[in-house]
2 protein chains.
Amino acid sequence: MSNTSSDDIQLAEMFKALGNPHRLLIFQRLSNCCLPGTRCDLEQTMRFSVGQLGEGMEIAPSTLSHHLKELHRSGLIKMSRQGKRVDCWIDPAVLNRLAGFFYNPSENEMRGDRDVG
Amino acid sequence: MSNTSSDDIQLAEMFKALGNPHRLLIFQRLSNCCLPGTRCDLEQTMRFSVGQLGEGMEIAPSTLSHHLKELHRSGLIKMSRQGKRVDCWIDPAVLNRLAGFFYNPSENEMRGDRDVG
DNA sequence: ACTAGTATTCGACATATTTCGAAATATAGA
DNA sequence: TCTATATTTCGAAATATGTCGAATACTAGT
């Protein structure tokens with residue numbers, strides 16, 4: 001692989017992490033920071049404990065832990081112990097970085113909300 | 001896995017496809033539709049033949065073909081034979097869909113180009 | 001110190017992925 | 001039809017991943 005920067009490698013790691021349905025579901029739970037229609041604050045990123053994230057997913061706790069570790073290693077989520085629990089959340093900068101990767105500047109017209117008002 | 005729609009599964013497939021450095025590089029080559037600073041037309045998506053996409057990547061043709069098939073199966077790229085060659089390109093709608101997945105509406109301010117002038 | 005709740009590490013196993021070379025297929029042109 | 005170019009298909013081998021259960025670690029209360 002000649003032409004691959006370390007930046008690209010980290011991107012690939014993130015995509016690989018999202019490439020598993022269980023991990024994608026976890027990521028979606030964390031990124032849906034407010035109820036539909038609601039609007040949540042910038043500083044108020046949604047946090048879930050490991051146990052909460054596993055609710056409804058039929059996987060063993062050890063498997064859940066493994067997936068969370070993958071998400072964390074790739075840089076997609078942050079984790080920090082809060083008493084008995086470990087909280088997980090998404091750094092908003094990560095969402096910007098990923099959205100920016102796919103954002104095609106030639107398609108401004110299609111978004112229709114950027115022009116001078 | 002209780003809570004996973006077929007839509008989410010297809011998303012996961014796309015991310016999995018992008019999770020390989022070789023495939024990510026191919027995808028980037030196809031999505032950089034114009035030179036830096038330039039602006040390319042909507043209808044004029046960038047096309048590269050299989051051989052062109054493999055240039056500079058040190059992988060066997062059969063491996064390249066395999067990766068292209070993965071990208072195609074996941075829905076990330078389109079392919080069509082053009083004489084001796086097979087051309088590849090990205091459906092712009094795919095870029096929108098993926099960008100939309102990461103786009104966080106609570107972060108308008110961080111983009112810095114939306115407020116009243 | 002003991003216990004209960006929460007989460008991680010470890011070892012094992014089945015399955016999937018990446019990669020290649022050799023052979024096969026498709027196309028255009030002499 | 002024969003040849004050269006472009007790409008795919010087909011095994012096969014090495015490595016990686018997803019999953020679990022059992023054992024371990026961390027924390028807050030009693």
Side-chain angles (χ1 to χ4, degrees), chain A residues 1-4 8-30 47-89, chain B residues 1-4 8-30 47-89:
Chain A
M1 208 162 343
S2 43
N3 220 349
T4 307
D8 291 336
I9 289 174
Q10 216 221 343
L11 255 187
E13 298 261 320
M14 287 182 176
F15 290 135
K16 185 165 68 175
L18 291 176
N20 174 280
H22 286 142
R23 290 194 294 259
L24 183 61
L25 183 55
I26 293 169
F27 187 82
Q28 283 178 299
R29 285 194 181 168
L30 287 174
R47 290 175 183 231
F48 284 106
S49 73
V50 170
Q52 288 176 314
L53 286 172
E55 271 169 32
M57 293 177 65
E58 292 169 5
I59 56 177
S62 55
T63 305
L64 176 62
S65 189
H66 163 73
H67 285 317
L68 257 0
K69 195 160 91 176
E70 264 334 91
L71 286 166
H72 183 248
R73 282 203 320 167
S74 73
L76 282 171
I77 70 171
K78 307 253 187 191
M79 304 178 80
S80 119
R81 185 170 276 276
Q82 218 67 33
K84 265 192 288 203
R85 327 204 152 170
V86 170
D87 278 358
C88 311
W89 71 98
Chain B
M1 206 162 349
S2 44
N3 219 350
T4 306
D8 291 335
I9 289 173
Q10 216 220 345
L11 256 187
E13 297 262 321
M14 287 182 176
F15 289 134
K16 185 164 71 174
L18 291 177
N20 174 282
H22 286 140
R23 290 194 295 259
L24 183 60
L25 183 55
I26 292 168
F27 187 82
Q28 284 178 298
R29 284 194 181 169
L30 287 174
R47 290 176 183 231
F48 284 106
S49 73
V50 170
Q52 288 176 313
L53 286 171
E55 272 169 31
M57 293 177 64
E58 292 167 5
I59 57 177
S62 56
T63 305
L64 177 61
S65 187
H66 162 74
H67 285 317
L68 258 359
K69 194 161 91 178
E70 272 322 278
L71 287 166
H72 182 249
R73 282 204 319 167
S74 74
L76 282 171
I77 70 170
K78 308 251 186 192
M79 303 178 79
S80 119
R81 185 170 276 277
Q82 218 68 32
K84 264 191 290 201
R85 327 204 154 171
V86 171
D87 278 357
C88 310
W89 71 97

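Treat the numbers as computed from the prediction; the structure is a model and nothing was measured.
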query: If you check the A/N20 side chain, which of D/dC20, D/dG18, D/dA6 turns out closest?
result: D/dG18
- prompt: What is the distance, rounded to the nearest whole Å, between atom CD1 of B/I59 and atom P of C/dT17?
  reply: 17 Å
- line: Residues at least two apart in sequence or cross-chain that pass ring-ring contact (aromatic ring centres under 6.0 Å, His included) with B/F27, listed by chain then number, are none
- request: Please report, rounded to the nearest Å, how far the P atom of C/dT19 is from the CD1 atom of B/I26.
  value: 10 Å
task: Would you check, one step at a time, whether the test side chain to side chain contact (heavy atoms under 4.5 Å, CB included) holds for A/R81 with A/R85?
output: CA-CA 6 Å; A/R81 185 170 276 276; A/R85 327 204 152 170; over 6 Å; no
task: Enter the distance from A/L18:CG to A/L71:CG here, rounded to the nearest 0.5 Å.
output: 7.0 Å
- prompt: What's the CG-P distance between B/L24 and C/dT18, to the nearest Å?
  reply: 13 Å
field: Among C/dG21, C/dA28, C/dA7, the one nearest A/R85 by side-chain distance
entry: C/dA7
field: Rounded distance in Å - CZ (A/F48) to C1' (C/dT6)
entry: 17 Å
task: Measure the distance from CG on A/L25 to C1' on D/dG18 and round it to the nearest whole Å.
output: 16 Å
- line: Sequence neighbours excluded, the answer for side chain to side chain donor-acceptor pair (under 3.5 Å) partners of A/E70 is A/R73
query: Counting only non-hydrogen atoms, which of residues 71-78 of chain B are less than 4.0 Å from DNA chain C?
result: none
statement: side-chain contact (heavy atoms from CB on, under 4.5 Å) filter on A/V50, not counting sequence neighbours, yields A/L64, A/L68, A/M79, A/V86, A/C88
field: side chain to side chain donor-acceptor pair (under 3.5 Å) partners of A/H66, counting only residues at least two apart
entry: none
Residues in side-chain contact (heavy atoms from CB on, under 4.5 Å) contact with A/K78, at least two apart in sequence or another chain: A/W89, A/D91
- prompt: Any side-chain N or O of B/H67 under 4.0 Å from OP1/OP2 of C/dT17?
  reply: no
Sequence neighbours excluded - salt bridge (charged side-chain N to carboxylate O under 4.0 Å, His left out) pairs with any residue from residues 13-23 of chain B: none
Check nucleotides 8-14 of chain C for protein N or O atoms closer than 3.5 Å to its own N or O atoms and list the pairs.
| residue | atom | partner | partner atom | Å |
| --- | --- | --- | --- | --- |
| C/dT8 | OP2 | A/S65 | OG | 2.9 |
| C/dT8 | O5' | A/S65 | OG | 3.2 |

Length of the line joining A/F15:CZ and C/dT17:C1', which is rounded to integer Å: 19 Å
query: How long is the line joining NZ of B/K84 and C1' of D/dT8, in whole Å?
result: 17 Å
task: Using whole Å, report how far NZ of A/K16 lies from P of C/dT17.
output: 12 Å
- prompt: What residues form a side-chain contact (heavy atoms from CB on, under 4.5 Å) with B/T63, not counting sequence neighbours?
  reply: B/I59, B/A60, B/H67
